[in-house]
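The chains referred to below are lettered A, B, ... by the order of the sequence lines, with proteins before strands, and numbering in each begins at 1. Heavy-atom basis, side chains included; hydrogens, waters and symmetry copies ignored. Quick caveat, the model's predicted, so the values are computed rather than measured.
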Amino acid sequence: MNQWLEDVIAHADTQAAGHAGATWLSRQRALSLDKLKDNAWPTRRTEAWRNTPLKPIESRPALLSPMAISTWQEPAIPDFESIDIYIVGGELKTDISTLSLPAGISIYSLHDEKAAALASQFMGKIKPETHVFGLVNDVVADAGIIIDVAEDAVISTPLRLIHTATEGVENHSRLLVNVAKNAKVTILEHGIGEQESMNTSVSEFNVADNATLHHYRFAFFTQKALHVGGCHFQIGESSYLNSTIVAFGSELSKLNVDVNYLGEHAKVDMNAMYLLAEGENFDLQSVIEHAVPNGTTDEKVRGIIGDRARANFGGRIHIHPDAQKTLAELNNRNLLLSRRSLVNTKPELEIYADDVRCAHGATIAEIDETSLYYLLTRGIPRSKALVMLNFGFIQELINAIEDESIRNWLNNMLSNRFQSMEVQVS
Amino acid sequence: MLSIQNLHAGIEDKSIIKGIDLTINPGEVHAIMGPNGSGKSTLGYVLSGRDGYEVTEGSATLNGEDLLDMDIEERAVAGFFLAFQYPVEIPGVSNMVFMKEAVNAAREARKQEPYTAGEFLKLAKEACKQVQLPLDFLKRGVNEGFSGGEKKRNEIMQMILLQPTICFLDETDSGLDIDALQTVANGVNSQRDPNRSFVVVTHYQRLLDFIEPDFVHILADGKIVQSGDASLALKVEKEGYGFLGINYVEEDV
């Protein structure tokens with residue numbers, strides 16, 4: 001066993017002996033701890049981790065004692081109003097009891113007994129057990145929130161959970177969201193930081209019948225901030241999930257996304273972008289389970305990979321025997337900015353029903369020299385032309401973002417990021 | 001304005017342009033005709049600075065400045081415009097954003113304030129109407145899904161907006177029906193100006209019925225073998241290049 005996992009298990013054992021946390025939380029931690037102990041730690045031979053070596057995690061101690069941190073990054077999105085909740089240094093920094101919340105929404109901490117019914121029903125049950133770091137998060141995440149959106153509630157103010165990496169302490173954050181029947185809500189998960197640290201963030205979403213969830217996940221962990229996260233959704237009949245994922249890369253950054261169709265006539269639009277600057281790594285694994293008929297998935301994934309950066313994408317759409325009339329499309333396109341950029345992509349369709357319409361594909365391209373030449377002949381400066389061509393590549397996904405403030409903010413931020421990225425056109 | 005002297009150029013080890021001398025004064029329209037493979041498009045690429053085209057001898061100056069020493073984008077802001085024979089499709093980059101960046105780059109070079117989005121939209125709409133493209137073409141990706149004729153109209157729209165001093169039109173008439181040809185020619189004629197010159201590369205006299213050239217040059221095997229007035233184009237149209245005694249191998253460069 002490696003140092004880090006040993007520390008995690010020792011920490012969990014101590015915590016279990018002290019019966020910390022709410023009853024349901026202790027129960028779940030105990031269950032997950034057993035599984036974690038039994039679960040084989042992934043190696044390079046484990047398919048899901050083949051291209052993302054765990055060495056940066058294995059060689060470090062697990063720093064799990066919360067640190068009283070008083071200052072942290074507060075990432076502002078101009079002209080965007082949201083209810084912000086911070087998790088920093090393993091602690092919930094926002095006093096959720098003082099938040100003024102719109103009618104129809106309740107927020108609980110992980111230690112709130114009032115959330116027991118909801119937690120017992122969904123917590124740890126939406127995410128697949130196969131994710132080792134999901135189990136790790138089960139046993140070590142102490143800071144987290146449970147959001148309950150009541151039936152028929154339409155919440156216009158978005159909620160944003162911000163988790164920031166800090167040096168000297170790990171940040172393990174947890175989120176459970178229940179969007180009850182006919183309800184509608186927007187949730188942002190905003191991860192950020194570059195300090196040397198290990199971070200996990202696991203979120204589970206139950207989108208009930210006829211409910212709508214607009215979801216954003218920004219995984220902006222860079223440099224020495226290691227990150228393994230998960231977004232796991234289960235969606236009911238005639239529900240709608242719109243998820244936008246934007247990721248940068250760090251020494252090790254990985255995100256698992258799972259969607260499980262529980263009811264018919266549900267629809268998922270998922271747009272993911274990873275934009276890796278020099279030397280960054282990012283790994284996105286998505287699994288869509290069409291277990292029932294008449295589901296519709298449209299998943300678009302675009303990656304721009306800088307010099308010596310490495311991206312890994314695995315996208316699986318699994319259509320179960322009963323899932324007739326499924327419409328599913330998965331498309332991954334990558335743009336390599338240098339001869340030393342690397343991407344591994346593996347879109348997979350596994351179909352056991354015969355009356356479905358599915359498509360999948362992946363492309364890998366370099367900056368098109370003829371396009372660049374064309375822009376230059378119009379007098380557009382080279383650096384700007386490269387940004388335009390890069391942006392052309394992801395613009396479709398940015399334009400698809402409904403919220404204008406988020407769209408403008410991403411446009412500016414990503415444009416600045418591109419301008420600092422070195423591009424070699426060969 | 002544009003002065004080309006003893007220009008030799010090629011791609012890799014292949015010599016394509018083998019000594020071109022050409023002087024273009026302000027306000028003039030020069031037509032270049034010639035068989036396939038004679039170096040017409042290559043001349044456009046070399047003057048625009050395309051990668052891979054190497055100048056082995058000679059010079060080209062624009063208003064006294066060494067054109068060949070400039071980067072591609074510098075040549076553009078210095079006033080050189082190339083209308084592509086095959087305009088490039090760039091999905092995801094809106095035509096509007098593309099043209100605004102281009103026009104503002106030229107304005108910045110001239111120390112003028114960049115146009116605001118509103119100011120530019122007005123100009124772009126006018127130019128769009130002038131080349132008879134529907135206004136929604138401004139919002140579409142650059143040349144994305146445009147027909148051959150629409151792409152050529154889009155080239156002329158860019159030319160109108162960029163206000164270059166020398167316009168090199170590379171077979172802008174190829175693939176155009178007679179109405180589109182008329183529109184494109186009108187676009188060009190509307191830009192004729194005592195301070196602006198044109199080089200019109202074409203295979204067909206028809207375009208020159210609409211855009212009347214001051215000079216016609218026949219390019220063969222990388223050299224100008226004959227120059228004359230508009231009547232030379234008529235002669236080529238009637239007799240082909242045989243009268244020049246050109247033996248050429250048909251090939252596309």
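- Atoms CD and OH, from B:Glu155 and A:Tyr374 in turn, are 3.5 Å apart once rounded to the nearest 0.5 Å.
- Looking at every heavy atom in both residues, A:Pro381 comes nearest to B:Ala105 through CD-CB, 4.2 Å.
- Most heavy-atom pairs under 4.5 Å with chain B, from the set A:Ile394, A:Asn399, A:Leu376: that is A:Leu376.
- Pairs engaging residues 92-120 of chain B under the salt bridge (Lys or Arg N to Asp or Glu O under 4.0 Å) rule: A:Lys384-B:Glu101 [sequence neighbours left out].
- Two residues are said to be in side-chain contact when any heavy atoms from C-beta on lie closer than 4.5 Å; A:Ile380 and B:Phe98 meet this criterion.
- When B:Phe84, B:Phe81, B:Phe80 are compared by the number of non-hydrogen pairs under 4.5 Å with chain A, B:Phe84 comes out ahead.
- A:Asp79 CG: 12 or fewer foreign heavy atoms inside a 6.0 Å radius.
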Audit row: A:Tyr373, B:Ile72, side chain to side chain contact (heavy atoms under 4.5 Å, CB included) steps and yes/no:
CA-CA 8 Å; A:Tyr373 168 60; B:Ile72 304 172; 3.9 Å; yes
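- For B:Pro87, the parts sitting under 4.5 Å from any heavy atom of chain A are the backbone and the side chain alike.
- Annotation for A:Glu81: atom CD does not count as buried by contact number, only 12 or fewer foreign heavy atoms lying within 6.0 Å.
- In this structure, B:Gln112 places its CD atom where more than 12 heavy-atom neighbours from other residues, nucleotides or ligands lie under 6.0 Å away.
- Checked by atom type and distance alone, the side chain of A:Arg378 pairs as donor or acceptor with a backbone atom of B:Leu82 at under 3.5 Å.
- Contact annotation for B:Arg50: both backbone and side-chain heavy atoms come within less than 4.5 Å of a heavy atom of chain A.
- Side-chain contact between B:Tyr86 and A:Thr370 is absent, with no heavy-atom pair separated by less than 4.5 Å.
- In this structure, the portion of B:Val142 lying under 4.5 Å from any heavy atom of chain A is its side chain and not its backbone.
- For a residue to count as touching a neighbouring chain, one of its non-hydrogen atoms must lie under 4.5 Å from one of that chain's; by this rule B:Glu74 does not touch chain A.
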